[in-house]
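Structure first, then comments.
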Amino acid sequence: NVVLSGAISATITCTGGNTWSQSIDFSSAAQGTITVNANHDDAAGNAATQSSRSFIKDTNNPAITLGAPFFSGGHVVMVGAAKTVSWSGTSDVGTGIASISVEYFNSSSAWTTVASGETNDGSYTWTIPNDVHAAARIRLRIYDVAGNSETDTGLPFTIVPAVTAPTSLSWTQTSPNPAAALTANWTKNSSAGLASQKIQFYSGGSCATTSGAPIALTNAVQSYAWTAPDVGNYSFRVYSVDIDGNEPASACSSTMIVS
């Protein structure tokens, strides 16, 4: 006979030869390490050396929690921006985490895999794709070594076009102009990622020597009334300031001569 002990108890009758087998049901056994011992003796009563096998029972799903801001949603990200997707992933049994997958819900109402096979290091840098829409979501999927998995999905956020520099710079007045009162005009960028703007005036016609400090503007305006400090040549440049703090600059305007 072969006597099994440890996590289970069973006695198997050997019917001949030197092999045996036994189906074992571990469904009622606790999660974690399980050890099975096998003992047997021959017909003369001589005992063989005990044989043992251990393994880990893990039928529990691991856990993963998506971090801010993608968990709570409601925010705006721009195409091409590098954003951090963060998470906390754990396995309660101890077999360990095998990998993490990052997915996002695209404008075609389908889940697209952004990254797979990621280590459980808590973050992934995601470059926002050129897929403008207002219902994007992030979903994380965690796998443990035993093959169990779990997901966590964030709330919707918005992907908007990248912010570019203002265009079509002009002066309202004709150059040369006898008065110092001038108006600068431009076409602003239309992306919802435009946070604000600023304008810089220059002495000279090549935007080389600044005339005063940059002037902060809202994201709504497309003109600015300015008084030249003296007669001479002037030009200006306008900056788009996006939600990530980038400041793409326009080309230099034409030269305005104040006479």
Side-chain angles (χ1 to χ4, degrees), residues 2-12 19-40 48-75 77 79-129 131 135-159 244:
V2 174
V3 179
L4 301 182
S5 61
I8 56 99
S9 296
T11 299
I12 302 100
T19 61
W20 58 273
S21 65
Q22 175 70 29
S23 297
I24 303 173
D25 182 3
F26 290 107
S27 60
S28 61
Q31 302 286 317
T33 301
I34 293 176
T35 300
V36 176
N37 305 311
N39 295 277
H40 75 280
T49 302
Q50 183 184 76
S51 179
S52 297
R53 295 293 184 271
S54 296
F55 60 93
I56 297 175
K57 178 184 176 181
D58 181 5
T59 59
N60 290 347
N61 289 341
I64 190 164
T65 301
L66 176 62
F70 291 105
F71 173 75
S72 54
H75 60 295
V77 296
V79 170
K83 295 297 179 181
T84 299
V85 179
S86 62
W87 67 83
S88 174
T90 58
S91 174
D92 65 343
V93 175
T95 56
I97 302 303
S99 65
I100 306 290
S101 291
V102 182
E103 305 165 350
Y104 93 98
F105 194 68
N106 62 30
S107 59
S108 299
S109 299
W111 288 100
T112 298
T113 299
V114 173
S116 61
E118 291 295 309
T119 58
N120 185 32
D121 57 6
S123 67
Y124 174 78
T125 301
W126 178 37
T127 300
I128 306 301
D131 186 26
R137 304 176 77 182
I138 285 291
R139 180 170 70 188
L140 297 177
R141 191 180 301 272
I142 186 172
Y143 300 88
D144 66 18
V145 175
N148 306 302
S149 66
E150 189 57 270
T151 62
D152 193 25
T153 305
L155 294 175
F157 59 94
T158 301
I159 299 177
D244 291 334

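Because only heavy atoms are used, hydrogens play no part in the values below, and waters and symmetry mates are left out as well, while side chains stay in. A quick note: this is a predicted structure, and the numbers were derived from the prediction, not measured.
With sequence neighbours excluded, no residue satisfies side-chain contact (heavy atoms from CB on, under 4.5 Å) with S88. With sequence neighbours left out, D131 forms a salt bridge (charged side-chain N to carboxylate O under 4.0 Å, His left out) with no residue at all. Here N120 pairs with W87, I97, I100 under the side-chain contact (heavy atoms from CB on, under 4.5 Å) rule; sequence neighbours left out. Annotation: side-chain contact (heavy atoms from CB on, under 4.5 Å) contacts of T90 (sequence neighbours excluded): A63. When the salt bridge (charged side-chain N to carboxylate O under 4.0 Å, His left out) test is applied to K57, no partner is found at least two apart in sequence or on another chain.
Side chains of T112 and N106: a donor on one and an acceptor on the other come within 3.5 Å.
Once rounded to the nearest 0.5 Å, the distance linking CG of N60 with CD of E150 reads 11.0 Å. Between F70 atom CZ and S86 atom OG the span is 9.0 Å, to the nearest 0.5 Å. Within the model, atoms NZ of K83 and OH of Y124 stand 15.5 Å from one another, a figure rounded to the nearest 0.5 Å. Atom-to-atom distance recorded for H75:NE2 and T158:OG1 is 8.5 Å, nearest 0.5 angstrom. Put simply, CZ on F71 and CD1 on I138 are 13.5 Å apart, with the number rounded to the nearest 0.5 Å.
Considering only heavy atoms from C-beta on, F26 comes within 4.5 Å of F55 through its side chain. Residues Y143 and N61 fail the side-chain proximity criterion, which asks for heavy atoms closer than 4.5 Å. Two residues are said to be in side-chain contact when any heavy atoms from C-beta on lie closer than 4.5 Å; L140 and V102 meet this criterion. You'll find the side chain of T35 stays beyond 4.5 Å of the side chain of R53, heavy atoms only.
For residues 103-128, the pairs satisfying salt bridge (charged side-chain N to carboxylate O under 4.0 Å, His left out) are E103-R139, E103-R141, with sequence neighbours left out.
Ring orientation note: the planes of Y104 and W126 are tilted relative to one another, at an angle of 30° to 60°.
Considering T151, L155, D152 as possible partners of L66, the one that fulfils the side chain to side chain contact (heavy atoms under 4.5 Å, CB included) test is D152.
Residues G117 and S101 come closest through the heavy atom pair N-OG, 4.3 Å. Across all non-hydrogen atoms, the minimal contact from P62 to S149 is CD-N, 3.8 Å. Contact record, S123 with T84: CB-CG2, 3.8 Å, taken as the closest heavy-atom pair. Closest of all the heavy-atom pairs between I34 and A29 is CD1-CB, 3.8 Å. Of all heavy-atom pairs spanning G89 and I142, the tightest one is CA-CD1, 3.7 Å.
For the pair Q50 (side chain) and N37 (backbone), a donor-acceptor distance under 3.5 Å is absent. Between the side chain of N148 and the backbone N or O of D58, at least one donor-acceptor pair lies under 3.5 Å.
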